[in-house]
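Right, one structure below, let's go through it.
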Protein chains: 2
Amino acid sequence: MSPRPRKDERSINLQQAIKETAWQYIAEYGAPALSLRAIARRLKITAPAIYNYYPDRDALVTALIIDAYTSFGDAQIAARDAFAEHDIIGQLHAIGHAYRQWALAHPQRYQLIFGTPVPGYVAPMDQVFPAGARAFGVLVSVVEAARRVGRLRTDLFPPITPGDETALEEWRRFGGDADALSLSVAVVIWARVHGLVSLEISGILPPIGAGIDALYEYEMASIERQFFRTNNHD
Amino acid sequence: MSPRPRKDERSINLQQAIKETAWQYIAEYGAPALSLRAIARRLKITAPAIYNYYPDRDALVTALIIDAYTSFGDAQIAARDAFAEHDIIGQLHAIGHAYRQWALAHPQRYQLIFGTPVPGYVAPMDQVFPAGARAFGVLVSVVEAARRVGRLRTDLFPPITPGDETALEEWRRFGGDADALSLSVAVVIWARVHGLVSLEISGILPPIGAGIDALYEYEMASIERQFFRTNNHD
DNA sequence: AGTGTAAATATACGATGTTTATTTTCACGA
DNA sequence: TCGTGAAAATAAACATCGTATATTTACACT
């Protein structure tokens, strides 16, 4: 009935507008409540029009995840590059701080990445992995830099098993030239940070009051003590 | 039209049967895909009949979460009590092992507890907290036992802020008589374990191959070294 | 034996993702 | 300038979901 609106009366890039509206919706109601019809309603569009830009809802979710990973990675890259390359502890601390701050500023995006956002959705690794590897690669780069100058503590670390080597090649296709040891250490560090942050965001931490800031700082200090040398003589 | 079936022809306790069917459904399709109508279909029931046992879907989800927490807590309690009370390291290691094993055996339950299972659902803390506190309390009890015999390392731990004390009282109403320091140390330990386990379950760990077992063991050893003394002279 | 209550069904409503068919708009070549 | 064809939007429909309402059935108790 009603005619199609003129091109200059609507958003130039509707594909981008859909994502932005989706982010608004996610920020308000959370990732699992994402609704194509609600997005269309806000854009004064009918729901099937979205299918001209995304084949289905999963594709939109994938695009959102990739965008979130990109923003997440940008924040960490900026934090790392604010410190000199030789200042490994400074870079590490900055990354850890940026990690938590980004997560607290965008909890829905964090849960979109690491949670189970949508029923039946499984992230297509071939599309998501590069963006995720870029974000994770920031930490890996610092660990690897420490290892190269002999400032990575690996005494008690479990030996790298042969199976890890084949997996490492897949990583190198995206993430860089870190070796298996640096990658494993980075995973352990990442898991510690992710554990605290995800529990904090989920709101299921037991009542320890306002001490979360201090606990997070303590964990960052623990990581630095355990895995890094301040010089290469100790 | 069709008459109501005889009582002895159907499940004695339909309330329990609904939960069991829900678990089946969750195990197959994941927590976010939980559907009341699908449950009813499997039970050869109409969907509104469920409302005689649960006021809405959120109530069912809450019941499932409480059941999951109970099972999770049982596993850790059994693991702890398999070691003598004075064997703190043994108990700690057993709890950590049981934690991961339970999560790997029931990944959907783990994600139901710690993820965002259902759009718009927020866990009612007054109902869920006791069950969650019981599961978390197992770790707390071991940490507190170590503290009481002077085997908890607290040198570098951040001081407990005054705000934590008021929050502690709320914990004591459910969890026991641990003090604020033990509670905070337990949170840090929990976060480390949760971080690795949740990343492993989500399948978003970078390709480090089969080394996850070794990394987990390494982290448990790290926890023991950092927070516990083998005797009270060191 | 009759009656009231509890539990199930039947039906319906609004919302969702998605498909199909139809209409409208725009860009481009004759 | 005028068609023409492709692109993009709408319209309508379908199956599914959670849930509310009204109705019917079965059982327990007096």
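Each chain gets a letter, A, B and so on, in the order its sequence line appears, and its residues count up from 1.
B/Y51 and B/D56 make their closest contact through CE2-CA, 4.0 Å (heavy atoms, listed as atom of the first residue, atom of the second, distance). When all heavy atoms are compared, the tightest approach of A/R134 to A/I77 is NH2-CD1, 3.5 Å.
In this structure, the separation between CG on B/L205 and CH2 on A/W190 is 6.0 Å, given to the nearest 0.5 Å. Between the CG atom of B/L183 and the CG atom of B/L139 there is a distance of 9.5 Å, given to the nearest 0.5 Å.
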Please list, for nucleotides 15-18 of chain C, all pairs of protein and nucleotide N/O atoms separated by less than 3.5 Å.
from: C/dT16; atom 1: OP1; to: A/S35; atom 2: OG; distance (Å): 3.4
from: C/dT16; atom 1: OP1; to: A/R41; atom 2: NH2; distance (Å): 3.2
from: C/dT16; atom 1: OP2; to: A/R41; atom 2: NH2; distance (Å): 2.5
from: C/dG17; atom 1: OP1; to: A/L36; atom 2: N; distance (Å): 2.7
from: C/dG17; atom 1: OP2; to: A/L36; atom 2: N; distance (Å): 3.1
from: C/dG17; atom 1: OP2; to: A/R37; atom 2: N; distance (Å): 3.0
from: C/dG17; atom 1: N7; to: A/R37; atom 2: NH1; distance (Å): 2.5
from: C/dG17; atom 1: O6; to: A/R37; atom 2: NH1; distance (Å): 2.8
from: C/dT18; atom 1: OP2; to: A/Y51; atom 2: OH; distance (Å): 2.8
from: C/dT18; atom 1: OP2; to: A/R57; atom 2: N; distance (Å): 2.9
from: C/dT18; atom 1: O5'; to: A/Y51; atom 2: OH; distance (Å): 2.9

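The CD1 atom of B/I50 sits 11 Å away from the P atom of D/dC17 (whole-angstrom rounding). Look at CG on A/N52: it is 13 Å from C1' on C/dT19, rounded to the nearest Å. Here the P atom of nucleotide C/dA6 and the CD atom of B/Q15 are 16 Å apart, to the nearest Å. What separates CG of B/L43 from C1' of C/dT9 is a distance of 15 Å, to the nearest Å.
Within the 4.0 angstrom heavy-atom criterion, only backbone atoms of the sugar-phosphate kind lie near B/Y53; the bases stay farther away.
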>> B/D179 vs B/S182, test: side chain to side chain donor-acceptor pair (under 3.5 Å). Steps then yes/no.
In response: CA-CA 6 Å; B/D179 76 342; B/S182 296; 3.1 Å; yes
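Residue-environment remark: OH (A/Y29) stays at or below the threshold of 12 foreign heavy atoms within 6.0 Å.
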